[in-house]
Amino acid sequence: IRFLILDSYDICLLDRCSETSRKHKAAHETLLENNPNYPQNCNSPENLEGVPRRFVGFGGAVDLPQLEWLEDSLRQARDRGERVVI
């Protein structure tokens with residue numbers, strides 16, 4: 001068995017410097033594009049339905065290098081016949 005652990009708060013507003021963090025900037029831009037309540041009420045899913053309700057300030061996302069690592073790790077596990085827990 002292979003265990004893979006992701007940082008689901010890699011891209012987020014939390015604990016990131018709003019002036020210098022590239023990951024904070026990416027979270028900020030994502031929220032601006034997807035949550036009409038942001039930035040005035042960044043944690044509100046009001047008027048968001050279904051999947052878009054995930055775009056709130058206390059949430060996070062996985063960055064591209066992690067997704068590439070995940071894809072590579074899953075490919076290796078498949079090639080070796082390993083089971084994977086994510």
Side-chain angles (χ1 to χ4, degrees):
I1 288 184
R2 181 183 293 223
F3 292 90
L4 303 176
I5 300 170
L6 300 174
D7 177 3
S8 61
Y9 281 89
D10 191 25
I11 300 291
C12 71
L13 299 177
L14 307 172
D15 294 330
R16 303 270 187 226
C17 177
S18 61
E19 296 176 14
T20 61
S21 173
R22 172 187 67 81
K23 294 181 180 194
H24 183 282
K25 182 179 179 184
H28 171 74
E29 290 172 357
T30 298
L31 290 172
L32 278 176
E33 292 172 14
N34 295 284
N35 187 336
N37 305 307
Y38 182 81
Q40 294 79 15
N41 193 355
C42 71
N43 290 323
S44 174
E46 188 175 340
N47 299 319
L48 298 174
E49 299 292 329
V51 173
R53 290 181 63 85
R54 67 185 171 183
F55 295 109
V56 290
F58 59 81
V62 177
D63 202 359
L64 184 59
Q66 264 195 101
L67 292 174
E68 291 169 346
W69 170 82
L70 175 63
E71 185 178 16
D72 185 54
S73 297
L74 290 171
R75 188 176 303 112
Q76 288 177 18
R78 182 195 60 214
D79 293 347
R80 295 176 183 163
E82 298 173 337
R83 294 178 185 235
V84 176
V85 175
I86 299 175

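Please read all numbers here as calculations on a predicted model, not as lab measurements. Computation of the quantities below employed the complete heavy-atom set of this structure, encompassing side-chain atoms and omitting hydrogens, waters and symmetry-equivalent molecules.
In plain terms, the two heavy atoms of I86 and L70 that are nearest each other are CD1-CD1, 4.0 Å. Residue G59 comes nearest to C12 through the heavy atom pair O-CB, 3.7 Å, listed as atom of the first residue, atom of the second, then distance. Closest heavy-atom contact between V84 and A77: CG2-CB, 3.4 Å. When all heavy atoms are compared, the tightest approach of L48 to P36 is CD2-CD, 3.7 Å. Across every non-hydrogen atom of S44 and N37, the tightest pair is O-ND2, 3.0 Å.
In terms of the ring pair (Phe, Tyr, Trp, His ring centres under 6.0 Å) criterion, H24 has no residue partners (sequence neighbours excluded). When the salt bridge (charged side-chain N to carboxylate O under 4.0 Å, His left out) test is applied to D15, no partner is found at least two apart in sequence or on another chain.
Linking ILVMFWY side-chain heavy atoms closer than 4.5 Å, directly or via other members, places V56 and L14 in two distinct hydrophobic clusters. There is no path of hydrophobic side-chain contacts, each under 4.5 Å, that joins W69 to L67. The hydrophobic cluster containing L4 does not contain V62, counting ILVMFWY residues as joined when their side-chain heavy atoms lie under 4.5 angstrom apart, directly or transitively.
Within the structure, the ring pair (Phe, Tyr, Trp, His ring centres under 6.0 Å) test picks out the following pairs touching residues 36-58 (sequence neighbours left out): H28-Y38.
Atom CD of E68 has more than 12 neighbouring heavy atoms from other residues, nucleotides or ligands inside a 6.0 Å radius. Around atom CD1 of I5, no more than 12 heavy atoms belonging to other residues, nucleotides or ligands sit under 6.0 Å away.
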Show the numbers, then the answer: is there a side chain to side chain contact (heavy atoms under 4.5 Å, CB included) between D7 and Q66? CA-CA 8 Å; D7 177 3; Q66 264 195 101; 3.7 Å; yes
Starting from the C-alpha separation in whole Å, work towards a yes-or-no answer on side chain to side chain contact (heavy atoms under 4.5 Å, CB included) for T30 and N35. CA-CA 8 Å; T30 298; N35 187 336; over 6 Å; no
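Look at R75 and E71 and you find a salt bridge, because one of the NZ, NE, NH1 or NH2 atoms lies within 4.0 Å of a carboxylate O, short of that distance.
K23 has its side chain within reach of D63: a pair of non-hydrogen atoms, C-beta onward, lies under 4.5 Å apart. Contact check for R16 versus K25: no side-chain heavy atoms found under the 4.5 Å cut-off.
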